[in-house]
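The sequence lines fix the lettering, A, B, ..., with proteins before strands; numbering per chain opens at 1. A quick note: this is a predicted structure, and the numbers were derived from the prediction, not measured.
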Protein chains: 2
Amino acid sequence: MPRRLPTSAELRIWRDFIETVEALRGVVAARLQAETGLSPGDYVVLLALSEAPQTRLRPSDLAVAIGWERSRLSHHLGRMERRGLIRREGFSGDSRGASVVLAEAGSTAFHSATVPHLTVVRELFVDALTPEQLGAVAEITAALRDQLPETLNRGAL
Amino acid sequence: MPRRLPTSAELRIWRDFIETVEALRGVVAARLQAETGLSPGDYVVLLALSEAPQTRLRPSDLAVAIGWERSRLSHHLGRMERRGLIRREGFSGDSRGASVVLAEAGSTAFHSATVPHLTVVRELFVDALTPEQLGAVAEITAALRDQLPETLNRGAL
DNA sequence: TCAGCCTAGTTGACACGTCAATCAGTATGG
DNA sequence: CCATACTGATTGACGTGTCAACTAGGCTGA
């Protein structure tokens with residue numbers, strides 16, 4: 001039984017919030033793409049691979065590490081492989097398993113993307129907020145996440 | 001000249017924030033889809049049409065009203081037209097112009113989606129936050145928007 | 001008048017995401 | 001041994017978004 005509906009003020013906060021975050025995501029993505037040739041998705045994949053032993057991971061492990069569904073990852077890896085950022089190799093031991101390997105081009109791209117990536121986050125997010133607001137963001141994030149179905153509380157939580 | 005890079009704490013707040021909002025958007029979209037058969041995009045389009053005189057708008061005006069690029073809207077209208085939610089008609093006066101008309105099915109779908117839509121927003125957003133936090137969201141949204149390129153400060157601002 | 005420009009709108013190519021189906025290899029119980 | 005179930009991974013269909021190109025109708029000034 002629904003308790004009540006949002007007031008128009010609450011609704012406006014919701015819409016502004018969602019639209020602004022979407023715009024922010026879009027701008028960050030566009031700047032990363034322009035400055036480094038990598039999408040945010042590319043970046044997280046390359047980051048996880050860089051940190052992995054031998055810079056290689058099985059797709060399932062990679063998916064867990066970055067909190068993606070396997071199918072999403074598979075599609076993305078296909079695109080990254082076409083661009084030479086990663087390679088797929090067989091996995092000795094379990095012949096249904098595969099292995100994703102960081103390619104030379106991927107490593108290079110990742111390293112030259114790190115600073116631009118962090119700079120964009122600073123300029124558009126960290127510098128936009130006061131330290132108190134940044135703390136409030138952390139609180140709000142946690143509160144919102146708690147309200148989400150548990151299935152989604154994935155990742156480094 | 002970059003001033004400094006984000007600390008790892010700041011970076012973690014950023015990542016959690018973006019991931020959580022994305023998850024939230026996904027959950028809202030999935031629930032709307034399941035309960036009403038409409039995507040968030042469908043909903044905003046139908047909302048704008050419902051409020052327009054004669055429930056009809058020229059695509060450009062519609063695009064401005066909801067803050068979308070024309071091409072995005074055009075693609076979306078194509079899909080909505082296939083489903084019978086809207087119709088496209090000619091526009092008398094300027095023969096380049098067209099007109100988007102709310103179809104019967106669109107009107108029905110929109111009206112039966114309103115309450116579920118508001119309920120989802122309440123449950124996953126409004127109810128997750130204290131009134132103070134809701135106020136903080138509004139502040140933070142404004143601060144983030146101010147940092148975005150002006151081109152994007154679109155809509156009812 | 002008509003060349004050049006602006007505006008309205010659509011289209012095509014492609015990246016990204018989700019879902020359901022599929023395929024192949026491993027494990028397991030009778 | 002083998003049917004069955006489970007797991008790792010990919011695939012196809014389709015919705016969604018962006019960008020650049022394109023069509024086509026108005027507008028304006030030499």
Using atom CG of A:Leu73 as one end and atom P of D:dT10 as the other, report the distance to the nearest whole Å. 8 Å

First encountered from the 5' end of DNA chain D, between A:Ala30 and B:Ser39: B:Ser39

Measure from CG on B:Leu77 to C1' on C:dG9 and round the result to the nearest Å. 10 Å

What is the separation between atom CD on B:Glu22 and atom P on D:dT16, rounded to the nearest whole Å? 17 Å

Atom CZ of B:Arg58 to atom C1' of C:dT10: distance rounded to whole Å? 15 Å

Looking at A:Asp42 and A:Arg83, does any basic side-chain N land under 4.0 Å from a carboxylate oxygen? yes

Does a distance-only test, which skips hydrogens and angles, find a donor-acceptor pair under 3.5 Å between the side chain of B:His75 and the base of C:dG9? no

Quick one: is D:dG15 close enough that its OP1 or OP2 comes under 4.0 Å of any side-chain N or O from B:Arg83? no

Closest to the 5' end of DNA chain C, once B:Arg88 and A:Gly41 are matched to their nearest nucleotides, is B:Arg88

Report which part of the nucleic acid A:Ser74 touches: base, sugar-phosphate, or nothing (heavy-atom distance under 4.0 Å, all strands). base

Side-chain contact test, heavy atoms from C-beta onward, threshold under 4.5 Å: evaluate it for A:Leu85 versus A:Leu38 and give yes or no. yes

Closest of D:dG17, C:dA8, C:dT10 to the B:Ser60 side chain is C:dA8

Could you tell me how far apart A:Asp94 (CG) and C:dC23 (C1') are, to the nearest whole angstrom? 14 Å

Would you mind classifying the nucleic acid contact of B:Arg25 as base, sugar-phosphate or nothing, using non-hydrogen atoms under 4.0 angstrom? nothing

Distance-only donor-acceptor test (3.5 Å): side chain B:Ser71, base D:dC19: yes

Donor-acceptor pair under 3.5 Å, A:Arg72 side chain vs C:dG17 base: no

To the nearest Å, give me how far apart NE2 (A:His76) and P (D:dT10) are. 14 Å

When you check the phosphate oxygens OP1 and OP2 of D:dT10, does a side-chain N or O of A:Arg96 lie under 4.0 Å from one of them? no

Where does the angle between the aromatic ring planes of A:Phe110 and A:Tyr43 fall among parallel (under 30°), tilted (30 to 60°) and perpendicular (over 60°)? tilted

Side-chain donor/acceptor of B:Glu19 to backbone N/O of B:Asp16, under 3.5 Å: no

Looking at B:Arg70, I'd like to know whether one of its side-chain N or O atoms comes within less than 4.0 Å of OP1 or OP2 on D:dT18. no

B:Met80 CE to C:dG9 C1', straight-line distance once rounded to whole Å: 17 Å

Between C:dA15 (P) and A:Gln33 (CD): distance, integer Å: 10 Å

Donor-acceptor side-chain pairing of B:Ser99 and B:Arg58 below 3.5 angstrom: no

